[in-house]
Amino acid sequence: DDDDDDDDDDEEASSSEEDSDGSSSDVKEMKDHDPNDTYRPILGQDLYGNVTDENLNGDAKPTKYVPPHLRKAMATGSDNNNNNNNASTASKQQIKDDLERKQSLQNIQRSLNNMLNRLSDNTLESVAKSMKGLYSSDSSQDVNECFWKNIRSACAPPQILMSGLIPVYMACVTGVHFQTGDTVQLGGHILEKIINDLWIEMHKTRNGDSVTKLDDRSEINNDSDDEGNKEASNIMLLLCYLYNFSVIHCTLIYDIIRELIKNFTEQDVELLLLVLRHCGYQLRSDDPMALKEIVKLVQERALADTGKKDSQQLLAKTTSAAQNTTVTSNSRVQYMLSAIIDLKNNKRKKNDISVGDKISFYRKAIGRMKTSAGSTKSSDSCLRITLKDILNVETKGRWWKVGASWIGNQFHHVDDSNAENNSQNSNTIVKKKSQRKEYDEQDELLVLASKQRMNTDDRRTIFCIIMGGDDCEDAFEKLLRAGMLKGKSDRVVASVLVDCCGQEKAYNPYYAHLASRICEFQPKSSFTFKLAYFDVFKQFDDDDMKARKAANLAKLLVHLVAVGNRMNMTVLKSINVSPDDMSDNAVIFLTIFFTNIFESYQGPEQVKEFFDRAIPTGNSKAQSGGDEMDDEIIEDEGETLRESLLVFLLQYIKASPKNVKKSIFSRNLKAAIKSCEADRFESMFLTI
């Protein structure tokens, strides 16, 4: 039965399928168009072609119908929402980055404050070394910026002149600059900041038309002028000590001096005085010709400014305030003129000496830091940046920075600068003439050196430096920079100097001051000059030696022994003194030597004190705990020298025509004879 039921079901299903096939065939026959022409939406799009399912999965839900006139606004709104979402994400990331940078700057500032708070003369090298380590862990630009903020806030307040704090801060900057080298370029960064701030402060007291804008972000308020504001002076001191410590070249300082002379306000005069006081002698040493030009410009501008103020004083004669201002500015100008003339004549004051001692102390510390850093890591040369380079940073770039872009003179148009070209050509001609003149002078000195038998390179170099120096200080610094006072070269210097002094037709005290300056710099040079005189004394018996040479060298020795107190009279022990057998040159030498000594002292007490000091005895060394054998040798040398001098004084000087009774010369001669005789008799009694 079950089988029969299944057969009936199959028959019914087959009959239903046949009916459905028949109906579908009827529908196909009823279609009135081609199905290929019927539009069918692509998967993921609606009837109008809009994207409904980007994943093409067919899972997108149907959306509400939007009329055509609202679709564009809706699309714009969706784009804005996406942009807002992206902007919010970017702003969140930017805020996060800003917080991290702010935290990093705070850490750098905290570390710098910790180091700079313990900065002093004794901790200078350790602080600079610690600051060098900051650049290995943080961004160089961030450290440079934080360092400048600390310097600006600590060293440039508007209330007081920080002349005591600025040198040690700039010494620290210089040490870090030389230790880090070109990788960090701290010196260039600090220099640019100093010039920018200095220019802004300088132009606060001037008219708005003459203000030079270094940065569009800075606005200068010309009405906020304060005569007691020391901010510009402090910034100028920062620049001066960067120059004193050889970070920058003198060209930049001279450019700023010319700018100050061009305006010549009271603030400019004050800044000029600061420059002259703190780095004037270094400027004189580096470029004396430029200093002469500056002196001339200052004098011309002072005369013009004085005439203008006199006319203003006549117009405003009834106004006492105007009269007081004129007198004050005139007094400042006169003081500056006297200071710059003293600088030109190398006249040093007590304040100048103290400033020079402070600078030399910091230079020694900086030299030790440069040595510890090594020549491969430290940039030994100074930055030869001009004022024009810094003022044109925004348009020309920074050529002194490694990897920075720089625009030179490739866009220089000839048509627009014919006048400038003419002036440049004239300046070039003047420079070529001056250079040709210098070359001619050097050629003349070289020819003269060959005539004087300067047969080695060192002797020729030293001869040209000594004979071509403007003064003794200029020659000394050139010798020092040339390295001629190191090692065995100082013997050559002493020999050439003594020879040049002897060859002069008349005695020139220039050589005495130069020799005294060398002995002051390194006391061991006194023994070198002693050896040079020993060589001269060997030439007394030669017929080629002239009396003029003996006279000049005798006066040179008087300065070294009596005036400069750089040597003693033991140098005379190699001269064979005898009543009958002495060369004429030896007699001339000793006669002029003692004659100048007796004429230079005003009383017998000074002569006795000089002989006791210039002729050493063994007592002084015994009191200081010296060896007894050395005391005996010194005592024997002193006794022999006194006996020789006593013979010469009695035989030759006593017969001098200047030995007139009751004269200063006669009294000083008697004091010298008694000093030699007393020591002789005392030694005789001690031996008995």
Side-chain angles (χ1 to χ4, degrees), residues 445 448-467 484 488-516 518-519 524-562 564 566-597 614-615 637 640-641 643-645 647-649 651-653 656:
L445 289 175
L448 187 60
S450 63
K451 290 182 180 179
Q452 297 296 328
R453 299 177 182 178
M454 303 295 167
N455 50 7
T456 63
D457 293 337
D458 288 345
R459 290 179 68 85
R460 281 190 290 269
T461 302
I462 294 169
F463 179 84
C464 293
I465 290 175
I466 292 176
M467 301 303 294
M484 294 300 173
K488 296 182 180 180
S489 299
D490 62 339
R491 298 184 181 181
V492 185
V493 172
S495 176
V496 173
L497 191 147
V498 169
D499 189 48
C500 291
C501 180
Q503 297 297 331
E504 292 284 349
K505 294 182 179 180
Y507 172 70
N508 189 350
Y510 162 77
Y511 301 101
H513 290 289
L514 179 57
S516 179
I518 293 173
C519 293
K524 68 176 184 178
S525 297
S526 300
F527 181 74
T528 307
F529 280 100
K530 187 177 181 180
L531 296 178
Y533 267 98
F534 285 165
D535 295 336
V536 172
F537 296 156
K538 295 177 183 178
Q539 303 173 9
F540 279 168
D541 295 330
D542 297 341
D543 296 334
D544 296 336
M545 187 173 182
K546 297 180 181 180
R548 172 53 56 191
K549 182 176 182 179
N552 290 340
L553 295 181
K555 294 178 181 179
L556 174 62
L557 186 61
V558 169
H559 184 91
L560 293 176
V561 174
R566 305 300 177 189
M567 298 171 61
N568 53 37
M569 283 200 296
T570 55
V571 68
L572 302 176
K573 67 181 181 180
S574 62
I575 300 177
N576 185 16
V577 179
S578 63
D580 300 326
D581 189 15
M582 282 188 70
S583 63
D584 294 338
N585 289 324
V587 174
I588 292 172
F589 181 88
L590 291 177
T591 302
I592 294 177
F593 177 78
F594 286 111
T595 301
N596 280 272
I597 285 178
I615 302 177
E637 290 181 354
T640 304
L641 180 59
E643 290 178 356
S644 300
L645 297 180
V647 171
F648 187 82
L649 292 175
Q651 185 70 25
Y652 295 97
I653 303 299
S656 174

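Note: hydrogens, waters and symmetry copies are ignored here, and every other heavy atom, side chains too, is used.
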Trainee: Can a side-chain donor-acceptor contact be found between Thr570 and Asn568 if the only test is distance below 3.5 angstrom?
Mentor: yes
Trainee: Take the angle between the ring planes of Phe540 and Phe589 and call it parallel below 30°, perpendicular above 60°, tilted in between.
Mentor: tilted
Trainee: Looking at every non-hydrogen atom in both residues, tell me the closest pair between Asp542 and Asn585 and how far apart they are.
Mentor: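 Scanning both residues completely, I find the closest heavy atoms to be O-ND2, 3.9 Å.
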Trainee: Is the shortest heavy-atom distance from the side chain of Met484 to the side chain of Val492 under 4.5 Å?
Mentor: no
Trainee: Is it the case that more than 12 heavy atoms not belonging to Asp584 sit under 6.0 Å from its CG atom?
Mentor: no
Trainee: List, one per line, each side-chain donor-acceptor pair under 3.5 Å for residues 502-511, sequence neighbours excluded.
Mentor:
residue, atom, partner, partner atom, Å
Glu504, OE2, Tyr511, OH, 2.5
Asn508, OD1, Tyr510, N, 3.1
Tyr510, OH, Ile466, O, 2.7

Trainee: List the residues meeting side chain to side chain contact (heavy atoms under 4.5 Å, CB included) with Ser495, not counting sequence neighbours, and say none if there are none.
Mentor: Arg459
Trainee: Gln651: which residues meet the side chain to side chain donor-acceptor pair (under 3.5 Å) condition with it, sequence neighbours left out?
Mentor: none
Trainee: Applying side chain to side chain contact (heavy atoms under 4.5 Å, CB included), can you list everything that pairs with Thr591, at least two apart in sequence or on another chain?
Mentor: Val587, Thr595, Phe648, Ile653
Trainee: Taking C-beta and beyond as the side chain, do Lys573 and Thr640 meet within less than 4.5 Å on heavy atoms?
Mentor: no
Trainee: Would you say that Phe463 contacts Leu448 through its side chain, given a criterion of any heavy-atom pair below 4.5 Å between the two side chains?
Mentor: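 When only atoms from C-beta onward are counted, Leu448 and Phe463 do touch, with a gap below 4.5 Å.
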Trainee: Which residues satisfy the side chain to side chain contact (heavy atoms under 4.5 Å, CB included) test with Ala551, sequence neighbours excluded?
Mentor: Arg548, Ile592
Trainee: If the condition is side chain to side chain contact (heavy atoms under 4.5 Å, CB included), which residues does Asp490 pass it with, not counting sequence neighbours?
Mentor: Gln522, Lys524, Ser525, Thr528
